[in-house]
2 protein chains.
Amino acid sequence: MSPGLPTQMGERDDSANRCSPMRTDVRPMETREPLGRVARLHYQHGMTHQEIGELLGFSRVKVTRMLAEARRAGIVEIHIHGEATPFGELEAELTGAFGLAGAWIAPSFSDPERSLASVGMAGAECLTALAPTVRTVAVGLSSSVAAIVAHLRPQEQLPELGFVPLAGSWGGASRGMSPHELVIGFGAAFGARTYHLPAPILAKTADAATAFAADPGVRQTLRLAAGAELLIAGVGAVEAGSGMLADTLTERERGQLTKRGAVGDISARFFDSVGSAVESTVDERVVGMSLRALARIPRRVAVGFGDQKITALRAALRTGLMNHLVTDVDTARTLLRTTRKGN
Amino acid sequence: MSPGLPTQMGERDDSANRCSPMRTDVRPMETREPLGRVARLHYQHGMTHQEIGELLGFSRVKVTRMLAEARRAGIVEIHIHGEATPFGELEAELTGAFGLAGAWIAPSFSDPERSLASVGMAGAECLTALAPTVRTVAVGLSSSVAAIVAHLRPQEQLPELGFVPLAGSWGGASRGMSPHELVIGFGAAFGARTYHLPAPILAKTADAATAFAADPGVRQTLRLAAGAELLIAGVGAVEAGSGMLADTLTERERGQLTKRGAVGDISARFFDSVGSAVESTVDERVVGMSLRALARIPRRVAVGFGDQKITALRAALRTGLMNHLVTDVDTARTLLRTTRKGN
DNA sequence: CTCTCCACTGAACATATGTGCACTACATCG
DNA sequence: CGATGTAGTGCACATATGTTCAGTGGAGAG
């Protein structure tokens, strides 16, 4: 905390403002101040919502909402000292069993929304831990990675850091799920640079993909991504219903992929159970980094959870295609169980 | 947060240990680790006590208690960004009306215990803000100052800082209220040096007091205190029942003091309504810093609250004897109200 | 000027958290 | 060996918090 006296009203701590670009609703300081007051009365002085309401002339419910808003906006930050992690042993087992350089495990919930949020939280921890050690982060598009953005708290600013998408974007409405939004969200949280890949992730034809890839802007971004020291991407399954890409494929394409041994994908690049790229009519239409290039990035974080993704995750980890993992505890246990027993 | 991977089990973050000397019960890391896990599951992942209990095999109540312990031990730290203070306008009014350099106001409660804790909290904020700007802090003994110790969280370590008592100590059992305990508590929180004054605060006779004051250890400590850049002390009233010192005086002594215009004391030095020292049979028995020496310390923080202390506080502030204030909102309002209207 | 929309409110309900108390298990002392 | 203390437990209750929903008023469009 700044050592300024509390009554020096002219001189405000602008740390909240500094971080606010990442928030969707930037409000004037005026609006935020009562939140800080309420937060102090509750968290420091231990007053109940009721008491604060009576003191300041709000209803209890309003105080509850102000406190929720204060947490959401990052005015209230809860820090847990020490690095005891809830599933430490399991993380150690996983890193041992798969030769990983790191694993972050979140609790599982029956509500998939909640599990997603929880994994997003773990992913945010992972990114917070690794980002300060690198200059460029390549970002793959997936709902799990998108969930990370919402859980990044204002933190250490890294103006030298850059976030680069691994591949192009889907057309149409994106619902918070375009690579642009991901990269911008990450960038804002770290005060970092962002880059964009001006092309679709899946072109209409192989020729179109080739043409797109020849575009100077696209080439430049892809070159930058290839030089990244950290990759964070979702791992997708081939089955329908397991993710954006899988749902886009026709039955025929899916059939071709399966026949050729594909078990999963990273940023639209399908791989088989030994971690090799699977060539296909899909693959040649992708505008994005190749599996080979991707595997040259030193730190590669796989994010994913759920039974559907087990096979894909196991292959990505066992073959060394990915060397870090962010997942939930159910998935982690299943991975360990089904992998130890032969397979 | 340290960028270490969560699975690097060998390399622990010892920040918790570094701060633990100030805690009364230092436990092995082993014991603390489950607290960190539970804390993360609750505060980061938003699991309820019930859910955490089911997951880890504790009862719900036990989880509640573990979380309370984690907060108490400083494993969980709640930080509020921005320096909006709950009673900012009132603080500004006070600093204006009394020409103070700073004011910290805590909420009031009908339960005096709670008020004391709350003022302690505000005092901790004050000390945390001011301590890093000085080398030596002179500490007066009072229950309000003692309450600060309990609210100092592990924080910035200032090994060059020193805490020095203003006066000697009471004989007999101290119940956490000796200058030694205060100074040690402050010192531990800041990782600072502590000094002691080997003498009673109130000697049996004036001669005895002179003898004590001549002791090299006593002189050395008092000289150190006189050179402090920051003073933090309670302000006491003359009436019986308003504090340790007042309760110790005989009716006769109290009468003498009142007749000579005493309205309050700082560390056993009584002053009148214009801020001058009141000579008395009590005063000459005190082993401690004189009012004159005390007033030469540039930053002088008065801590105190309650109707009984209004007169004493008003005098100490109006006369410039003290130039910072830590109090509760009721006292602050009364001070403003009764001071504006003439008086 | 009236209608519609929308953001905001608090009452009532649902859930989560905190605490006094009686009980247990184990250690210490006579 | 029993008596006595002490720390830890969870139940049941008391309190605090969070959420849903049906109003409410004010801004902007028609």
Side-chain angles (χ1 to χ4, degrees), chain A residues 23-28 30-78 80 86 107-111 113-115 117-118 121 150-151, chain B residues 23-28 30-78 80 86 107-111 113-115 117-118 121 150-151:
Chain A
R23 301 288 143 209
T24 48
D25 56 333
V26 180
R27 303 202 203 173
E30 210 57 20
T31 313
R32 316 187 62 159
E33 201 190 284
L35 299 187
R37 298 185 165 202
V38 169
R40 278 191 206 284
L41 289 172
H42 184 68
Y43 288 108
Q44 295 191 332
H45 294 282
M47 293 175 78
T48 69
H49 299 187
Q50 184 77 55
E51 288 171 328
I52 296 169
E54 283 161 13
L55 182 67
L56 301 184
F58 301 123
S59 77
R60 182 188 70 75
V61 178
K62 169 128 197 179
V63 173
T64 302
R65 285 177 181 137
M66 292 172 82
L67 284 167
E69 170 64 13
R71 275 176 309 216
R72 201 200 56 71
I75 293 172
V76 172
E77 197 184 343
I78 300 179
I80 291 131
S108 301
F109 298 93
S110 53
D111 173 3
E113 284 296 316
R114 231 180 134 191
S115 284
S118 194
M121 177 83 241
H151 292 276
Chain B
R23 301 289 143 209
T24 48
D25 56 333
V26 180
R27 303 204 203 171
E30 208 58 20
T31 313
R32 316 186 63 158
E33 202 191 283
L35 298 188
R37 297 185 165 201
V38 168
R40 278 190 206 282
L41 289 172
H42 184 67
Y43 289 107
Q44 295 190 332
H45 295 282
M47 293 176 77
T48 68
H49 300 186
Q50 184 77 56
E51 288 172 327
I52 296 169
E54 283 162 12
L55 181 68
L56 300 184
F58 301 123
S59 77
R60 182 187 70 76
V61 177
K62 168 129 197 176
V63 173
T64 301
R65 285 176 181 140
M66 291 172 83
L67 284 167
E69 169 65 13
R71 274 177 309 217
R72 202 200 55 71
I75 293 173
V76 172
E77 197 184 342
I78 300 181
I80 291 131
S108 301
F109 299 93
S110 55
D111 174 3
E113 284 294 316
R114 231 181 134 189
S115 284
S118 195
M121 178 81 241
H151 293 275

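We use all heavy atoms of the structure for the numbers below, so side chains are in, but hydrogens, waters and symmetry mates are not. Note that the structure is a prediction, hence the values are computed from the model and not measured. Labels below follow one simple rule: chain letters A, B, ... track the order of the sequence lines, proteins then strands, and each chain is numbered from 1.
Residues Arg60(B) and Glu51(B) are not paired through a salt bridge, judged by the lack of any N-O separation under 4.0 Å between the basic side chain and the carboxylate. Ionic pairing of Glu33(B) and Arg37(B) is present here: one or more N-O contacts between side-chain nitrogen and carboxylate oxygen are shorter than 4.0 angstrom.
Between the side chain of His49(A) and the main chain of Val63(A), no donor-acceptor pair closer than 3.5 Å is present.
In the set dG10(D), dG18(C), dT20(D), dG18(C) carries the atom at the smallest distance from any side-chain atom of Arg71(B). Here dT9(D) is the nucleotide among dG18(C), dA16(C), dT9(D) with the atom lying nearest to any side-chain atom of Arg65(B). Nearest to the side chain of Thr48(A), among dA16(C), dA16(D), dG10(D), sits dA16(D).
For dT17(C), one of the phosphate oxygens OP1 or OP2 lies less than 4.0 angstrom from a side-chain nitrogen or oxygen of His42(B).
Atom-to-atom, CD of Glu54(B) to P of dA16(C) comes out at 11 Å; the value is rounded to the nearest Å. The nearest whole Å value for the distance from the CZ atom in Phe58(B) to the C1' atom in dG18(C) is 19 Å. In this entry the distance linking NE2 of His49(A) with P of dG10(C) reads 15 Å, nearest Å. The nearest whole Å value for the distance from the CE atom in Met66(B) to the C1' atom in dT17(C) is 16 Å. The interatomic distance linking Leu41(A) (CG) with dT17(D) (P) rounds to 13 Å, in whole Å. With rounding to whole Å, Arg72(B) atom CZ is found 17 Å from dG18(C) atom C1'. When the P atom of dC13(D) is taken as reference, atom CZ of Arg60(B) falls 14 Å away, rounded to whole Å. A straight line from CD of Glu51(B) to C1' of dT15(C) spans 11 Å, rounded to a whole angstrom.
To the nearest 0.5 Å, atom CZ of residue Arg40(B) and atom CE of residue Met121(A) are 9.0 Å apart.
Between Met47(A) and Ser59(B), the one whose closest nucleotide on DNA chain D sits nearer the 5' end is Ser59(B).
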